[in-house]
Every structure is written in C-alpha cells, then in structure tokens.
Amino acid sequence: QLPLALLLSLLTGYIVWLATANRMSLSWQISYGLTAQEFMVWCQPLIDGGSGGCCGIELLLRWHNPRQGWIPPDVFIPLAERQNLVAPLTRFVLMEAVRYLPRLPQRADFHIAINVAASHFHRQAIVDDLQKLWWPAAPLPGLIVELTERDALPVVDQEVVSRLRQLGVKVAIDDFGTGHSSLSYLKTLSPDVLKLDKMFTAAIGTDAINATVTEMVISLAQRLNIHLVAEGVETAEQASYLRQRGVDTLQGYYYARPMPLEAFPAWLAQHKAE
Ligand code: C2E
Ligand code: CA
Ligand code: CA
Ligand code: CA
C-alpha cells in the first residue's frame with residue numbers, strides 16, 4: 001500500500017513540477033523573445049459590408065521561437081496574462097503599428113484594431129501607453145481597442161473607458177456572444193463596436209441554435225446603433241448572408257488570411273471592392 005501511494009504522490013509531484021517548470025520557462029522565453037525580436041505583428045484586413053472595400057486591419061501577434069517554432073497566440077497570450085507580460089506585448093504591437101503607419105491609408109474611415117486583454121485594459125496603463133505611443137504619431141487612422149477577455153472581467157474602470165474616448169479611441173467587445181463576453185458589458189462599456197465571434201458566423205446555414213444567436217446579435221447591434229463586425233467569414237454564403245443582413249464589417253479567410261504587415265500594401269493594391 002504505502003510504496004504505491006508514495007510512488008503516486010511522487011509521480012503527481014513530478015508532473016506538477018514539470019508543468020510549472022515548463023510554464024516558467026515559456027514566460028521567461030516571452031520576455032527574452034521580445035528583446036530577441038522573435039515577435040512579429042501581422043494583420044488581417046477588415047472588409048466593409050456595403051462596398052466590399054478594405055476599411056481597416058486587425059493587428060495579430062505572431063511568435064516564432066527558434067527552439068519551438070511558431071507558438072500560437074492562443075497559447076502564449078493567456079500565459080502572458082497570468083505572468084503580467086501582456087502590457088509589454090501590447091506596447092510592442094503599438095510601436096510596430098506606429099512604425100508602419102506611413103505605409104497605411106491615412107483616412108478617417110480606415111481603422112486599426114488592436115487586441116487588449118481585459119487585465120491590461122483594467123488599468124490606467126493602457127491609456128498612458130496610448131497617449132505616449134499612439135497619439136503623438138497619429139490622430140489618423142482611427143484606433144479600435146478590442147477588449148479580449150479570458151477570465152471574467154472584474155469591474156470595468158469607467159475612468160479608463162472615458163479617457164480612451166477622449167483620445168478618440170473606439171472600444172470594441174471581442175468574441176461577443178461567447179463565454180464571459182456578456183450582455184452586461186453593453187451597459188458598462190457602451191462599446192462602439194461588437195465583434196461577433198467566429199463560432200456564430202460558422203453557424204450560418206448549419207446550426208439552428210447558434211444561427212439564431214447570430215440573428216439576435218445582428219438586430220441587437222442595429223437597434224443599439226453599435227457597429228457590428230462579423231469575424232471568421234470563410235465562405236461566399238456566409239459573406240452574402242451577412243452583407244444582406246446589413247452587417248457593417250466582415251473579416252475572415254474568405255477575404256484574406258492574416259499576413260505580415262509588410263505584405264499588406266501589396267494586398268490592398270490588388271484588392272477590389274465588389
Ligand atoms: P481574436 O482576436 O478573436 O482574433 C481572430 C482570430 O481568428 C485570429 O487568430 C485569426 O487568425 C483567426 N481568424 C481570422 N479569420 C478566420 C477565419 O475565417 N476562420 C478561422 N477559423 N479563424 C480566423 P490568431 O491570430 O491565432 O489569434 C488568436 C487570439 O489570440 C485572438 O483572437 C486574440 O484573442 C489573441 N491575440 C492575438 N494577438 C493578440 C495581441 O496582440 N494581444 C492580445 N491581448 N491578444 C491577441
Ligand atoms: Ca480580436
Ligand atoms: Ca474575436
Ligand atoms: Ca477569439
């Protein structure tokens with residue numbers, strides 16, 4: 001009896017140790033990777049539902065680690081959030097965006113969207129970063145902050161929201177309709193933009209329940225006069241359905257996959273509105 005119990009506890013202890021060590025080393029690797037220029041900012045075009053033209057880009061982080069290859073943001077962002085490393089990553093995205101600004105359209109109707117984790121959004125730090133890094137560089141194009149959350153958002157700091165508004169920054173709720181992205185944020189954040197999660201776009205024409213949610217979010221956004229972005233548009237059917245329903249902006253592989261920022265001007269030059 002005893003040796004088995006001992007063996008088991010040793011084994012679980014070992015597994016826990018291994019997992020922790022792995023986590024620690026990955027978070028260390030994030031900090032190191034930032035200085036070693038292993039991170040890149042990619043972008044995915046946003047398509048105007050009316051004209052079919054490109055009306056902006058969402059910036060998406062990419063990490064190529066020479067030891068482990070490409071590590072997806074769904075893996076390293078949650079980790080960075082837990083290790084308080086998300087603010088340096090957001091600053092990196094902002095600095096890259098500012099660096100690329102001269103090569104992006106300078107129009108009032110062209111927007112750059114960045115993802116900000118709820119944990120970072122909650123603090124004044126995001127306002128300070130934007131004021132320091134973004135504002136001096138560019139009143140144009142417009143900036144959208146997409147509020148991403150993995151854990152339930154504590155309390156939204158109204159001060160942060162109103163200071164962002166003063167800076168002319170638009171606030172979007174990402175992954176709307178899923179998990180923690182609940183209806184109560186419509187009131188506390190009074191968002192400018194809702195991003196319908198790709199799971200609901202995928203449901204169009206296939207899944208009755210989720211397709212009903214898609215319909216509800218479309219009417220909700222229209223009634224409240226909130227700009228709606230449908231993400232994860234992969235097929236012509238989804239695109240035409242969403243456009244017929246008057247969805248403002250579309251985003252997905254059907255139009256363009258995420259690409260390095262360097263590749264965007266060439267993509268834009270050959271993209272035709274339809
Ligand atoms: P998200 O903000 O919901 O971003 C959209 C994700 O959907 C991206 O995954 C994008 O590549 C993917 N996607 C775009 N079009 C399609 C499509 O048609 N079909 C499908 N199946 N997927 C599509 P990605 O780049 O792997 O990013 C995953 C998540 O990581 C993001 O989800 C976002 O929450 C987070 N993330 C990425 N970059 C950043 C960042 O700079 N800061 C923070 N805080 N989070 C980030
Ligand atoms: Ca997003
Ligand atoms: Ca999303
Ligand atoms: Ca997501």
Side-chain angles (χ1 to χ4, degrees), residues 30 33-34 38-47 54 56-64 70-98 100 111-123 125-126 129-130 133-134 143-151 153 170-181 191-204 206 227-239 242 247 249-261 263-264 267:
I30 292 175
L34 266 171
E38 293 171 5
F39 285 89
M40 280 152 270
V41 175
W42 282 31
C43 69
Q44 187 178 30
L46 304 170
I47 306 297
C54 177
I57 48 176
E58 176 179 1
L59 303 184
L60 296 160
L61 263 173
R62 291 291 177 266
W63 183 16
H64 188 264
W70 294 95
I71 301 174
D74 281 332
V75 172
F76 69 81
I77 296 287
L79 189 88
E81 277 176 51
R82 283 199 296 273
Q83 309 286 338
N84 277 325
L85 283 169
V86 77
L89 287 173
T90 309
R91 275 196 286 276
F92 172 71
V93 172
L94 276 171
M95 287 184 316
E96 283 294 286
V98 168
Y100 267 87
H111 284 87
I112 298 182
I114 62 164
N115 290 285
V116 174
S119 56
H120 188 190
F121 185 84
H122 190 53
R123 307 199 184 94
I126 182 67
D129 286 346
L130 284 171
L133 298 169
W134 182 264
L143 189 68
I144 300 173
V145 163
E146 293 186 5
L147 183 56
T148 325
E149 51 170 336
R150 250 154 279 269
D151 308 308
L153 194 69
K170 294 198 170 82
V171 176
I173 301 183
D174 209 344
D175 303 333
F176 191 73
T178 65
H180 299 290
S181 211
D192 307 282
V193 181
L194 290 183
K195 291 197 82 172
L196 180 71
D197 192 76
K198 48 180 169 281
M199 132 187 189
F200 299 110
T201 303
I204 293 168
T206 63
H227 191 100
L228 185 65
V229 181
E231 59 176 38
V233 180
E234 292 184 353
T235 68
E237 293 71 35
Q238 291 164 354
L242 293 163
V247 172
T249 304
L250 284 71
Q251 177 183 7
Y253 296 166
Y254 176 66
Y255 292 104
R257 292 197 171 240
M259 62 186 89
L261 269 173
F264 177 70
W267 179 89

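Atoms within a ligand are numbered from 1 in the order they appear, just like the ligands themselves. Just so it is clear, the structure is predicted and the values come from calculations on it, not from any experiment. We number each residue from 1, following the sequence as shown.
Residue A117 has at least one heavy-atom neighbour below 4.0 Å for each of these atoms of ligand 1: 44 (N). Every atom of ligand 1 is numbered from 1 in the order shown, and the set under 4.0 Å from a heavy atom of E58 is 2 (O), 4 (O). Every atom of ligand 1 is numbered from 1 in the order shown, and the set under 4.0 Å from a heavy atom of D74 is 28 (C), 29 (C), 30 (O). Near P258, with a cut-off below 4.0 Å to any heavy atom, the atoms of ligand 1 are 11 (O). Listed by number with element, the atoms of ligand 1 under 4.0 angstrom from any heavy atom of V93 are 41 (O). Below 4.0 Å from some heavy atom of Q44 lie the following atoms of ligand 1, by number and element: 14 (C), 15 (N). Close contacts of ligand 1 with D175, meaning ligand atoms under 4.0 Å from a residue heavy atom, involve 3 (O). Near E234, meaning under 4.0 Å from any of its heavy atoms, are these atoms of ligand 1: 17 (C), 18 (O), 19 (N), 20 (C), 21 (N).
Proximity of L89 to ligand 1 is not established, as no heavy-atom distance is less than 4.0 Å.
The main-chain N or O of V233 is never found under 3.5 Å from a side-chain atom of T201 such that the two would form a donor-acceptor pair. A distance-only check finds no donor-acceptor pair linking the side chain of Q83 to the backbone of L79 [under 3.5 Å]. In this structure, the side chain of N115 engages the main chain of L59 through a donor-acceptor pair within 3.5 Å. In this structure, the side chain of D175 does not engage the main chain of D197 through any donor-acceptor pair within 3.5 Å.
You'll find the side chain of L61 reaches within 4.5 Å of the side chain of F92, heavy atoms only. Contact annotation: the side chain of P45 approaches that of M259 to within less than 4.5 Å [non-hydrogen atoms, C-beta and beyond]. Using a 4.5 Å cut-off on side-chain heavy atoms (C-beta onward), D192 and H227 make no contact.
Shortest non-hydrogen contact noted between A113 and E146 is CB-OE2, 3.4 Å. Here the shortest heavy-atom pairing between A230 and L242 reads CB-CD1, 3.7 Å. Looking at every heavy atom in both residues, L46 comes nearest to H111 through CD1-O, 4.4 Å. Residues F264 and I57 come closest through the heavy atom pair CE1-CG2, 3.5 Å. Looking at every heavy atom in both residues, C54 comes nearest to I47 through CA-CD1, 4.3 Å.
Only the backbone of V233 comes within contact range of ligand 1, with a heavy atom under 4.0 Å; no side-chain atom does. At a 4.0 Å heavy-atom cut-off, ligand 1 does not touch R257 at all.
Annotation: R62 places an N or O atom under 3.5 Å from an N or O atom of ligand 1; distance criterion only. At under 3.5 Å, not a single nitrogen or oxygen of E146, backbone or side chain, sits near a nitrogen or oxygen of ligand 1. Remark: ligand 1 and N115 share an N or O pair separated by less than 3.5 Å (distance only, no angle test). For ligand 1, one of its N or O atoms has an N or O atom of L61 under 3.5 Å away.
Here E146 reaches the Ca ion (ligand 2): one of its N/O/S atoms is less than 3.0 Å from the metal. For the Ca ion (ligand 2), the set of nearby N, O or S atoms under 3.0 Å includes one belonging to D174.
Between OE2 of E58 and OD1 of N115, the angle at the Ca ion (ligand 2) works out to 90°, rounded to 10 degrees.
Nearest residue to atom 13 (N) of ligand 1 from Y253, W70, F76 is Y253 (criterion: closest heavy atom).
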